[in-house]
Amino acid sequence: MNLMNHHNYQSYLSEAQKLARKAAAAGEVAAGCVIIRNDNIIAKGEEATLRKKDITAHAEIEAIREAVSVVGKDLKGAVLVTTKEPCVMCSYAIRYHGISTVVFEVPSEHFGGATSSFNLLTTKQAPHSWPPPVQIVQYNPE
């Protein structure tokens, strides 16, 4: 599925926003994420770093863990929709698993995987065995 052709960002982003509100209500950073393949949500994640006492429990990593448990390591063709731009750690996991497109709402000035100097999502300076750079969509409903 290519969200660029579907312009269906809002429905998936709404789902991610629900997860972000749930995380915030639990005292976490307000971040939520869904992973879509073939027009179906295959995984969801919400920020859980405080509850799990695990700095790697970002919404994107939580969703990737679930997606891998459902469909396996290869997430080529999948679209990750998240409320916040994936950080460097999450961007590494996104690239590693071959997620094709990332749609995000709020940029991450210092450590964003697309908009900062740590552009792990879009760089071509990666191992030859890695999937190609990720298509980036910063969603702005206005």
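Note that the coordinates shown come from a computational prediction; the quantities given were computed from them, not determined experimentally.
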Test item: [X] side-chain N/O and [Y] main-chain N/O as donor-acceptor pair under 3.5 Å:
X: Asn40; Y: Ile42; answer: no
X: Glu28; Y: Thr49; answer: yes
X: Arg37; Y: Val79; answer: no
X: Glu47; Y: Ala59; answer: yes
X: Arg51; Y: Ala23; answer: no

message = Which residues pass the side chain to side chain contact (heavy atoms under 4.5 Å, CB included) test with Pro131, not counting sequence neighbours?
response =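 Checked Pro131 against side chain to side chain contact (heavy atoms under 4.5 Å, CB included); zero matches.
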message = Which residues pass the side chain to side chain contact (heavy atoms under 4.5 Å, CB included) test with Ala24, not counting sequence neighbours?
response =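 Ala30.
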request  = Report the C-alpha distance between Val137 and Val102 in whole Å, list the side-chain angles of each, state the deciding distance to 0.1 Å, and finish with yes or no for side chain to side chain contact (heavy atoms under 4.5 Å, CB included).
outcome  = CA-CA 6 Å; Val137 178; Val102 170; over 6 Å; no
key: Thr82: which of Glu60, Glu105, His58 passes side chain to side chain donor-acceptor pair (under 3.5 Å)   =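 For Thr82, the side chain to side chain donor-acceptor pair (under 3.5 Å) test succeeds with only one of Glu60, Glu105, His58, which is Glu60.
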Measuring from [X]:[atom1] to [Y]:[atom2], what's the distance to the nearest 0.5 Å?
X: Ile41; Y: Ile35; atom1: CD1; atom2: CD1; value: 10.5 Å
X: Ser11; Y: Asp39; atom1: OG; atom2: CG; value: 9.0 Å
X: Asn119; Y: Gln125; atom1: CG; atom2: CD; value: 8.0 Å

Please report, to 0.1 Å, the donor-acceptor pairs under 3.5 Å made by any side chain of residues 83-91, with sequence neighbours excluded.
residue	atom	partner	partner atom	Å
Thr83	OG1	Gly32	N	3.1
Glu85	OE1	Ser108	N	2.7
Glu85	OE1	Thr115	OG1	2.6
Glu85	OE2	Gly113	N	3.3
Glu85	OE2	Ala114	N	2.8
Glu85	OE2	Thr115	N	2.7
Glu85	OE2	Thr115	OG1	3.1
Ser91	OG	Pro86	O	3.4
Ser91	OG	Cys87	O	2.7

request  = Start with the C-alpha distance between Arg95 and Thr122, add both sets of side-chain angles, then the distance that settles side-chain hydrogen bond (donor to acceptor under 3.5 Å, both in side chains), and finish with yes or no.
outcome  = CA-CA 9 Å; Arg95 270 304 277 277; Thr122 57; over 6 Å; no
Would you be so kind as to tabulate the donor-acceptor pairs closer than 3.5 Å made by side chains of residues 69-78, with sequence neighbours excluded?
residue	atom	partner	partner atom	Å
Ser69	OG	Glu66	O	2.7
Lys73	NZ	Tyr96	OH	3.2
Asp74	OD1	Lys76	N	2.9

key: Contacts of type side-chain hydrogen bond (donor to acceptor under 3.5 Å, both in side chains), residue Lys52, not counting sequence neighbours   =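 Lys52 satisfies side-chain hydrogen bond (donor to acceptor under 3.5 Å, both in side chains) with Glu62 only.
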ask   = When the ring planes of Tyr9 and Tyr139 are compared, do they come out parallel, tilted or perpendicular, using 30° and 60° as the limits?
value =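 Ring orientation of Tyr9 relative to Tyr139: perpendicular.
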request  = Identify, with sequence neighbours excluded, every residue that meets salt bridge (charged side-chain N to carboxylate O under 4.0 Å, His left out) alongside Glu15.
outcome  =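 In terms of salt bridge (charged side-chain N to carboxylate O under 4.0 Å, His left out), with neighbours along the sequence ignored, Glu15 is linked to Lys18, Lys44.
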